[in-house]
Amino acid sequence: MHELASRPRVRGGFVHVPFAPDQVEQGSSEPSLSVASMAEAIAAVVRTSLTLPIDAIPPTGATRRSDVALAAGSIH
């Protein structure tokens, strides 16, 4: 992300994902998600980001709830 900050209009991002179920100790309250579900979610984020015009991308550090909702709404 540091490198991309110096390259205006280049798309990039970071997606944090939880542990996979087999990485969490039995009985732990640590959140987890299946690898298949994580892959589907990341694919939805990529598809959504590619549908937005470059001018719709918020400046670094900004968050637009509509974009986040669109990405989350694409996960089924």
Side-chain angles (χ1 to χ4, degrees):
M1 295 309 306
H2 177 74
E3 174 63 28
L4 290 178
S6 66
R7 300 176 66 196
R9 304 183 66 78
V10 174
R11 294 179 187 215
F14 175 80
V15 177
H16 182 88
V17 296
F19 291 113
D22 61 342
Q23 295 176 304
V24 177
E25 187 175 322
Q26 186 74 21
S28 170
S29 63
E30 191 73 39
S32 65
L33 190 64
S34 73
V35 173
S37 292
M38 285 189 267
E40 184 180 337
I42 292 169
V45 169
V46 170
R47 281 192 307 272
T48 300
S49 68
L50 293 175
T51 64
L52 296 173
I54 194 78
D55 294 334
I57 298 173
T60 303
T63 301
R64 289 179 13 172
R65 291 185 184 275
S66 60
D67 294 344
V68 173
L70 180 58
S74 300
I75 303 168
H76 296 290

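The first residue in the sequence is number 1, and the count goes up from there.
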Could you tell me whether the side chain of Thr48 and the main chain of Val45 form a donor-acceptor pair under 3.5 Å? no

For residues 17-34, which residue pairs qualify under side chain to side chain donor-acceptor pair (under 3.5 Å), counting only residues two or more places apart or in two chains? Ser34-Ser37

Which heavy atom of Gly12 sits nearest to which heavy atom of Leu4, and what is that distance? CA-CD1, 3.3 Å

Check Met38 against Leu33 and note the closest heavy-atom contact, atom names and distance. CE-O, 3.0 Å

If you link I, L, V, M, F, W and Y whenever their side-chain heavy atoms are under 4.5 Å apart, who else ends up in the same group as Val24? Phe19

